[in-house]
**Student:** 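This structure is in structure tokens; I'll ask about it shortly.
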Amino acid sequence: MAPSPTGLLHIGNVRTALFNWLFARHHGGEFKLRIENTDTSREVAEAVDQIQDSLSWLGLDWDGPHTFQLDRIDDCRRVAERLVVEGKAYADEGAIRFRMPDEGTTAWDDVVRGRIEFPNEKLEDLVLVRSDGRPTYNFASPMEDVWDGITHVIRGDDHVSNTPKQINLIRAVGAEPPVYAHVPSVFGTDGKKLSKRHGAVTVDEFRAAGYIAPALVNFLALLGWAPDGETTIMSREELIERFSLERVQPSPAAFDFQKLDWMNGVYLRAMDPDEYAHAVVLYLGEQGYDWDAELVHKAAPLVQEKIEKLGDFPAFARFLFEDVRLDGYELDGRVLEEAERQLAGVEPFTADEIEAALRSLAERLGLKPRDAFQPIRIAVTGSKVSPGLFESLELLGKERALARLSAARS
RNA sequence: GCCCCCAUCGACUAGCGGCCUAGGUCGCCACCCUUUCAAGGUGGUAGCGCGGGUUCGAAUCCCGCUGGGGGCACCA
């Protein structure tokens, strides 16, 4: 993977990185991380760290230390000078240009696109070294592929037209080109390139919204690839086991947030309750909530079946940590008063006991459970939508529960 | 303008000449379950862009069209 350090990691680049990673792990190869920073003018200070954080969070571990393209500046210059001596390149207004062949074609068998041929007459003599001495991407990148022993280049299809140039360059220095696989881009559901207006685009944004890494990885893997027509949910191990470049689709894929949401929910629900609670605590901490961790831990199971993203947790559980506002609700005072009286006598104040008490209350008042419970729910949680009422009451505790029922009547 | 690529339900896809009355998943709709919301269960909706070929037979192969995308920097 070879990102340029110009900002936060885009989810489309992650998809490409994921394919690289899956391919490498499947074949027992190495997945390399290279920072392509030859364009110093566009470099963003924190980007290198952020890119690594994002990859680590996703679990896409790379082999060996990450490298910087700019570190090879001297090697690149030496090669450029040699190419000039050999007559394969020439000076041009302070820069050095590579002489592309004028006749014939340059071709390669792209693993996802099939055979691609370019007439050489269409290839411009490309700048190898800028007049200020820095190598260009199209020079440094293929040279590094050679020096690093890269066997497979898996990258976005916006690089297709660069490939014949890079192949000619590699051959000019007497090396064999790697295998290329150009994967299609990721669009929004409207068919336009995925951008901010579609929602989250950087890994950080997905993380902040409460998506979890395994779900995101599973979803991304299915964007342009499928092991068969049936399987949807796959563990990291199964993904590695079944991944193959040959089954990567040559056509672009649309990013469907609804399906991601669903899949994230599937992963959330499948988590061990303790592990889940821990993830919620961690997430809320990251997001700057100062809610009591122990209470969060206890509340987590109440919403595990209900939310799709960790970011949905606060909306369900806020009533446990903050006062509720009842603006705009008209509640049946009689139900609230009876409930308060009934609950006052419940001991111990547990979900089971509470349920028994409230059900008998509903019966006594001749109300259907839903009609009896809804005003209580609203009075206690401040919302028509909440975790289970009885468990919620238990967690709130008798004192606070009674206080809210009382407050709701005034 | 010049090169190049892509094309199955709204979305992700299976399909690689007969197993297709085109399958799965998300979404959507209905019903069931139900203390709200979810989750879960059952059923349903919806597609091979168009036109020519090739073939006994085409979603699958070929050509054209249309539509979409990418590239054409001393950016990566």
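Here is the naming used below: chain letters follow the sequence lines, and residue numbers restart at 1 for every chain. Treat the numbers as computed from the prediction; the structure is a model and nothing was measured.
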**Student:** I want to check one thing: is the phosphate of B:C4, taken as OP1 and OP2, less than 4.0 Å away from some side-chain N or O of A:Arg113?
**Tutor:**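 No, A:Arg113 has no side-chain N/O under 4.0 Å of OP1/OP2 on B:C4.
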**Student:** To the nearest 0.5 Å, what is the distance between OG on A:Ser406 and CD on A:Glu337?
**Tutor:**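 That separation rounds to 9.5 Å.
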**Student:** Base, sugar-phosphate or nothing for A:Glu124? Non-hydrogen atoms, less than 4.0 Å.
**Tutor:**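 Contact class for A:Glu124: sugar-phosphate only.
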**Student:** Look at A:Asp63 together with A:Arg25 and state whether they make a salt bridge at an N to O cut-off of under 4.0 Å.
**Tutor:**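 Answer for the salt bridge query: yes.
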**Student:** When we call it a touch if two heavy atoms are under 4.0 Å apart, what does A:Thr231 touch: a base, just sugar-phosphate, or nothing?
**Tutor:**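 It contacts nothing in the nucleic acid.
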**Student:** What is the distance, rounded to the nearest whole Å, between atom CH2 of A:Trp262 and atom P of B:G27?
**Tutor:**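 Taking atom P of B:G27 as the reference, CH2 of A:Trp262 is at 8 Å.
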**Student:** Once you apply the 3.5 Å cut-off to both distances, tell me the Watson-Crick or G-U wobble partner of B:U42, or none.
**Tutor:**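 For B:U42, the partner nucleotide comes out as B:A30, under the 3.5 Å rule.
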**Student:** Categorize A:Arg247 for me: base, sugar-phosphate, or nothing, with a 4.0 angstrom heavy-atom threshold over every strand shown.
**Tutor:**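 Counting heavy atoms under 4.0 Å across all strands, the contact made by A:Arg247 is with sugar-phosphate only.
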**Student:** So, is A:Ser383 near the phosphate of B:U36, with a side-chain N or O under 4.0 Å from OP1 or OP2?
**Tutor:**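 Checking B:U36 against A:Ser383, no side-chain N or O comes under 4.0 Å of OP1 or OP2.
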**Student:** Base, sugar-phosphate, or nothing for A:Pro387, non-hydrogen atoms under 4.0 angstrom?
**Tutor:**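 Counting heavy atoms under 4.0 Å across all strands, the contact made by A:Pro387 includes a base.
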**Student:** Checking base pairs now: Watson-Crick or wobble, both atom distances under 3.5 Å. What partners B:C19?
**Tutor:**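 Pair assignment: B:C19 / none.
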**Student:** Does OP1 or OP2 of B:C75 have a side-chain N or O of A:Arg130 closer than 4.0 Å?
**Tutor:**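 The answer is yes; a side-chain N or O of A:Arg130 sits under 4.0 Å from OP1 or OP2.
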**Student:** Would you check if the distance from the ring center of A:Trp291 to the ring center of A:Phe321 is below 6.0 Å?
**Tutor:**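 Yes, the ring of A:Trp291 comes within the 6.0 Å limit of the ring of A:Phe321, centre to centre.
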**Student:** Side chain of A:Arg377, base of B:U35: donor and acceptor closer than 3.5 Å?
**Tutor:**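 By the distance-only test, yes, there is a pair.
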**Student:** Both distances under 3.5 Å, Watson-Crick or G-U wobble: report the partner of B:A11, or none.
**Tutor:**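 Base partner found: B:U25.
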